[in-house]
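Structure record follows, encoded as structure tokens.
Count residues from 1 along the sequence. Everything quoted here is computed from the prediction, not taken from an experiment. Atom set for the values below is all heavy atoms of this structure, side chains included, hydrogens, waters and symmetry mates excluded.
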Amino acid sequence: MSGGTGSGGSNPFYRLAPFIKEFIYKNRWETLREAQIDACRVLFETNSHLLIASGTASGKTEAAFFPALTDLYECPSASVGILYIAPLKALINDQFTRLNDLLQEGNIPVWHWHGDVPLAEKTKLMNNPSGVLQITPESLEGLLMNRPNAIPALFGDLRFIVVDEVHAFMGGDRGIQVLSQLSRIERMAGCRPRRIGLSATLSDYSSATDWLAGGTGTRVEISAPQGGRKLRLSVEHFSFPDARDEVQAEQLEKARESYYNFIYDHTSRKKSLIFTNSRSDAELTVLEMRRIAAKREERDVFHVHHGSISAMLREDAESALRDGPGPAVAAATLTLELGIDLGSLERVLQLGAPYSCASFVQRLGRSGRRGDASEMLFVTPEEEDEEAQLPARMPWTLLRAIAVIELYVREKWVEPITVRKLPTGLLYHQTMSILKSMGEVEPEELQAAVLSLPSFRSVAPAEFEAMLEYLIGLGHIETMEEGTLILGLAGEKVVNNFRFFAVFKDDEEHAVYNGTEEIGSITTVPPPGYCFSLAGKLWKVEEVDARHKSVYVKKSRGKVDTLWLGAGGDVHTRIMNKIREVLSSEQLYPYLAPHAASRLERARRLARESGLLLRSVLPAGGNSMYIMPWTGSRTFRTLERLLKHRLAGRLALRSIVPMEPYYMVVAGKCDPEMLEQAIREDASQLPDPSELLAPGEAPQLGKYDEYIPPELLRQAFAVDGLDLRGLAETVRGWQS
């Protein structure tokens, strides 16, 4: 067994616990991977935290656990010794199985804790805190809030915290929640565990190390093995004509048939994963795949995997891909984007284009996990109407697909993580969670407990006091005669609801049952007699139990809509700049299939002939104009506010229609030159953010912002919702 050399010339393999060495022999590994050697050096020889940033299937999980488990084997912990935090229950279930195999011989128990784990298992852990605990942030919140007295026994000798898929946490509210939880564990249990972050999707290591170290003052070392990976990429394009008459309607039907047959032919005989950008697209695609299979009298090998499918059906899909003989096909959203091991997938097919390079990297990493090339086929369907407005005739999805491929494959660029500076909803959430766990507390004590958490250190004491006063007025917090604080009646209703554990917005859903089998859930409930699709099948509503939020159905036939509202993702400015570059260049991209290459050439010709790339404000006929800002989503929204709140009155603009993040259609009496000049002048002056808000407007960015004083919300929107500097930079880049 070779393993490279650690510091001082020692082979890290021989430093590992006997049961781990046996596991390595049994699996016939010939060498430790670079990340595993790095992890052994850092965790055995230093006191640092560790960030492991390497590709999918590069052995990150083993790199974190081998040295950490060796520590527990050599010196058993008096409590849970390793806490593993993951963003998805499915990821925990997957890692639980893998760890169980590894730990059978090590006599180290591994527990998992989330909503689907039986109470009996949780009770066993509470009675004998030990080994490894795998948990989601939501379940960890419930532990800290509802069982504060158990925390010292549970985590008093906690040695390591492993945060999987750190990129999935860092830029969002859950990342702030996790950092708060880690600080609270240290404070409540009196422990100082080392932190290990795992990610396959990072390019900006400094923001990741800052996040991982948050509140500890401990150095973070980085292991980022590059490791070349063979890629096979292909982009196909389908145009759907606008059906203005019978002939076009027939053409549209043929185009759709061709599109779905293409997807079927390229997935149905392999182990394949079809990524979509929405649950509705996943449902519709599998519905069509099953129709084609029935028509051809072929086997139904199709599954749906997203957050509204029941756990049992999701596990069936994972098992078919991982363990079944194949073929097997699953249409999925981001629920299969993260690191669940699906074995040897033969193909990943992306419908449309990811909104970010980070998502592209994650999805690409689902295939080629056993040393084979990673294979990803993009299929970009787009409506095409030659009579539409000029910018609407651009194939934006195809262009976005090319942009994310070029940025990652050629430049190895991935979006930097942005962390909210004033996370007001989380401020409410953690305040109420801490108050619930403490029971009754002095205002000063509560303020110190909350504002000492890493993410709230920029919140001024006066702002926190104003929030407390506001919450007392709402009845969420109550002041006792002695001046101490407890949860108020209105606050208890919020905090005691299981939905409080989650800080991401989740629509209230109704469970759907076919007899006693749970199929999944829907957010919009049709009346009895109406149909909808779920898990790639059609169902007719028989009964709605509003009280228990349940819908009872039977199988149906026909064509109907799915019942979720689709939402696009934010696009970074660098992607929009790359799209502009793609349109202005003559470069040929070898991964474009003939239809895609032809569609790109037509788009380039239209861009050249129309002057679309020469000016950022163009005439659109009559009193209308197009604005082509070539900027990311957040800056685009800032420009929209600049137009509505500062320029509309001055320039007599009567309508502003955004098509985020690509273009806006503006109507008014001014000409394009006057409008562009006004935008340039106002954007370059960095206006007061309050001028981009309507009087009394307090936009909500997070789940619990509705409980925040309006003035504090306005401040939060100014720093986290607007991008004035980005707008000034964008406008400076416009060609004169």
Side-chain angles (χ1 to χ4, degrees), residues 1-8 10-50 52 59-86 92 94-113 121 124-135 152-164 185 189-198 218 221 223 341:
M1 170 50 145
S2 62
T5 56
S7 177
S10 60
N11 186 330
F13 170 76
Y14 297 108
R15 180 73 178 78
L16 297 171
F19 76 93
I20 295 175
K21 286 189 276 196
E22 185 61 34
F23 174 85
I24 291 170
Y25 280 129
K26 200 184 290 182
N27 284 277
R28 298 182 179 179
W29 294 7
E30 294 179 4
T31 180
L32 289 179
R33 297 182 182 182
E34 189 178 339
Q36 293 158 358
I37 294 167
D38 285 347
C40 287
R41 178 188 60 78
V42 173
L43 298 179
F44 285 146
E45 300 173 16
T46 77
N47 293 315
S48 303
H49 300 314
L50 173 64
I52 305 174
K60 290 187 299 294
T61 304
E62 289 80 5
F65 275 104
F66 283 177
L69 289 170
T70 296
D71 183 89
L72 260 62
Y73 178 82
E74 294 174 349
C75 180
S77 56
S79 71
V80 167
I82 301 172
L83 178 65
Y84 168 92
I85 301 173
I92 284 177
D94 177 61
Q95 298 291 13
F96 181 73
T97 304
R98 287 172 69 184
L99 276 180
N100 252 328
D101 292 343
L102 173 61
L103 294 177
Q104 272 178 350
E105 301 300 320
N107 201 27
I108 298 173
V110 54
W111 315 87
H112 57 170
W113 188 303
E121 284 298 303
K124 282 182 192 174
L125 168 65
M126 300 304 282
N127 291 336
N128 179 30
S130 53
V132 182
L133 172 60
Q134 300 174 297
I135 198 165
L154 203 53
F155 297 123
D157 192 17
L158 183 63
R159 315 264 181 86
F160 301 95
I161 294 173
V162 180
V163 183
D164 207 349
I185 286 171
C191 58
R192 292 283 288 172
R194 295 166 71 185
R195 301 178 182 179
I196 307 168
L198 310 180
T218 301
E221 295 207 30
S223 172
D341 186 0

Taking all non-hydrogen atoms of both residues into account, name the closest pair between [X] and [Y] and its distance.
{"X": "Gly156", "Y": "Ser79", "answer": "N-OG, 3.5 Å"}
{"X": "Asp38", "Y": "Ser223", "answer": "OD2-OG, 2.7 Å"}
{"X": "Leu43", "Y": "Pro67", "answer": "CD1-CG, 3.5 Å"}
{"X": "Ala39", "Y": "Ile52", "answer": "CB-CD1, 4.3 Å"}
{"X": "Val42", "Y": "Glu221", "answer": "CG2-OE1, 3.7 Å"}
{"X": "Leu198", "Y": "Lys60", "answer": "CD2-O, 3.9 Å"}

Once rounded to the nearest 0.5 Å, what's the spacing between atom CD1 of Ile135 and atom CD1 of Ile85?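 The distance works out to 7.5 Å.
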Next item on the list: Would you give the length of the straight line joining atom OG1 of Thr61 to atom CD1 of Ile196, rounded to the nearest 0.5 angstrom?
Entry: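 The distance works out to 11.0 Å.
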Tell me, please, which residues at least two apart from [X] pass side-chain contact (heavy atoms from CB on, under 4.5 Å).
{"X": "Thr218", "answer": "His49, Arg192, Thr216"}
{"X": "Asn47", "answer": "none"}
{"X": "Ala68", "answer": "Ile82, Phe160"}

| Between the side chain of Arg195 and the main-chain N/O of Val163, is any donor-acceptor distance below 3.5 Å? |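 Judged by distance alone, no pair lies under 3.5 Å.
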- Task: Ignoring hydrogens and angles, tell me if any N or O in the side chain of Asn11 forms a donor-acceptor pair with the backbone of Phe13 under 3.5 Å.
- Result: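 Here the side-chain-to-backbone pair exists.
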With a 4.5 Å cut-off on side-chain heavy atoms, are [Y] and [X] touching?
{"X": "Val162", "Y": "Val132", "result": "no"}
{"X": "Leu125", "Y": "Leu154", "result": "yes"}
{"X": "Arg194", "Y": "Thr46", "result": "yes"}

Cut-off 3.5 Å, no hydrogens considered: what does the side-chain donor-acceptor table look like for residues 106-113, sequence neighbours left out?
{"residue": "Trp111", "atom": "NE1", "partner": "Ser130", "partner atom": "O", "Å": "3.0"}

Is Arg33 salt-bridged to Glu62, cutoff N-O under 4.0 Å?
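Salt bridge: no.
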Heavy atoms from other residues, nucleotides or ligands near CZ of Phe19 exceed 12 (cutoff 6.0 Å) =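 Count over threshold, so yes.
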Salt bridge (charged side-chain N to carboxylate O under 4.0 Å, His left out): pairs with one or both residues in residues 11-20, sequence neighbours excluded: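 Listed once each, the pairs are Arg15-Glu74.
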Candidate pair Ile24 and Leu32, rule side chain to side chain contact (heavy atoms under 4.5 Å, CB included), full reasoning
CA-CA 9 Å; Ile24 291 170; Leu32 289 179; 3.9 Å; yes
With [X], which residues qualify under side chain to side chain donor-acceptor pair (under 3.5 Å), at least two apart?
{"X": "Thr70", "result": "none"}
{"X": "Arg159", "result": "Asp71, Asp157"}
{"X": "Glu22", "result": "none"}
{"X": "Lys124", "result": "Glu121"}

Students often mix this up, so state it plainly: with edges at 30° and 60°, are the rings of Phe65 and Tyr84 parallel, tilted or perpendicular?
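Plane angle between 30° and 60°, so tilted.
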(request) Show your working on side chain to side chain contact (heavy atoms under 4.5 Å, CB included) between Leu16 and Phe44 and close with a plain yes or no. (result) CA-CA 10 Å; Leu16 297 171; Phe44 285 146; 4.1 Å; yes
